[in-house]
Amino acid sequence: MIDHKPSVLPLEAETPYVLRSDLSVTVSERSIKQALETGDIGFLHSFTTGSTVDGPGIRVVAWTAGCHWRCLYCHNPDTWTLTNGMPVPLARAIMELGKYRHGLKIMSGGFTLSGGEPLVQDRFAVRLFAAARSMGIHTALDTNGGLGGRLSDEELEQIDLVLLDIKAWDPERHQNLTGQSIAPTLDFARRLAARHRPVWLRFVLVPGLTDNPQEIAGIAKFAAALGNVERVCVLPFHQLGRFKWKKLGLNYTLHDVEPPSSELIERTCSVFRAEGLDAA
Ligand code: SF4
């Protein structure tokens, strides 16, 4: 088992950020490996209630630690490392979630697992989703899709909605932007479509980096052809995470990039709408 004492750590956060920073540094590699294999323990970066942007209705959101991508615009680089999360026993996470079950139903909301990349901890994610579902709670997974192959078809059925990031269309641009290939994400998107799993597509609009109209049209055509994309969320780039890069001693390269204008956001949405998608 884990050498830390996770059971004494509270899951409730006074602010979304109070749980951050090196909470798991004393957890041994062996224990982390065991936790990843079984899902008995999850590493959570923070926990919020009342979100209205991470799925339908009012959401409880657990932010997992750990991400294998390195997006140039990431505003949560403090979630990259698994050991920046707080070790939370699965049973404890389920118990906490259970406290919200009635309220979430009344508010037509649910539970969203975000990150970081939640599928770095795929066993924990799957077991937490199954528990949420058994309590009648709507479940959503916010993912870059790169590790979607870790989920079986049966496990996909435990997820009511996938918030899927497609970050670029050109494979080389995607590689430069994220450090990873786009292929697994597109494979996951096709698989979700084949199984008729609802998807909200998320696209971060960065002037000079992801605003090429032909590339956006490529994503739009792909998404429209899938047939299961209920909504496209165009997320404007912002600089709110810049201080974290500095604090972590990371090389941030987007200092001079401005957030997109409202005209550019509208133009981008209209490219998606031209393919018959609901975009905002
Ligand atoms: S996938 Fe998300 S958490 Fe991971 S580096 Fe990219 S923006 Fe950050």
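For ligands, and for the atoms within them, numbers begin at 1 and follow the listed sequence. Values in this document were obtained by computation on a predicted structure and should not be read as measured data.
Looking at heavy atoms from C-beta onward, Ile32 lies in side-chain contact with Leu82 at the 4.5 angstrom threshold. Between Leu151 and Val126, some side-chain heavy-atom pair lies under the 4.5 Å cut-off.
Around atom 6 (Fe) of ligand 1, the protein contributes the following N, O or S atoms at distances under 2.8 Å: Cys71 SG.
Below 30°, between 30° and 60°, or above 60°: for His238 and His75 the angle between ring planes is between 30° and 60°, a tilted geometry.
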Query raised in the report: Hey, mind stepping through Val199 and Leu226 against side-chain contact (heavy atoms from CB on, under 4.5 Å) and telling me if it holds?
Result: CA-CA 10 Å; Val199 165; Leu226 292 173; over 6 Å; no

Quick one: side chains of residues 211-225, donor-acceptor pairs under 3.5 Å with protein atoms, not counting sequence neighbours, listed by atom name and distance.
from: Asp211; atom 1: OD1; to: Gly208; atom 2: N; distance (Å): 3.1
from: Asp211; atom 1: OD2; to: Gly208; atom 2: N; distance (Å): 3.0
from: Asn212; atom 1: OD1; to: Gln214; atom 2: N; distance (Å): 2.8
from: Asn212; atom 1: OD1; to: Glu215; atom 2: N; distance (Å): 3.1
from: Glu215; atom 1: OE1; to: Asp170; atom 2: N; distance (Å): 3.3
from: Glu215; atom 1: OE1; to: Arg173; atom 2: NE; distance (Å): 3.2
from: Glu215; atom 1: OE2; to: Arg173; atom 2: NE; distance (Å): 2.7
from: Glu215; atom 1: OE2; to: Arg173; atom 2: NH2; distance (Å): 3.1
from: Lys221; atom 1: NZ; to: Glu275; atom 2: OE2; distance (Å): 3.1

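Between His45 and Trp80, the ring center distance fails the sub-6.0 Å criterion.
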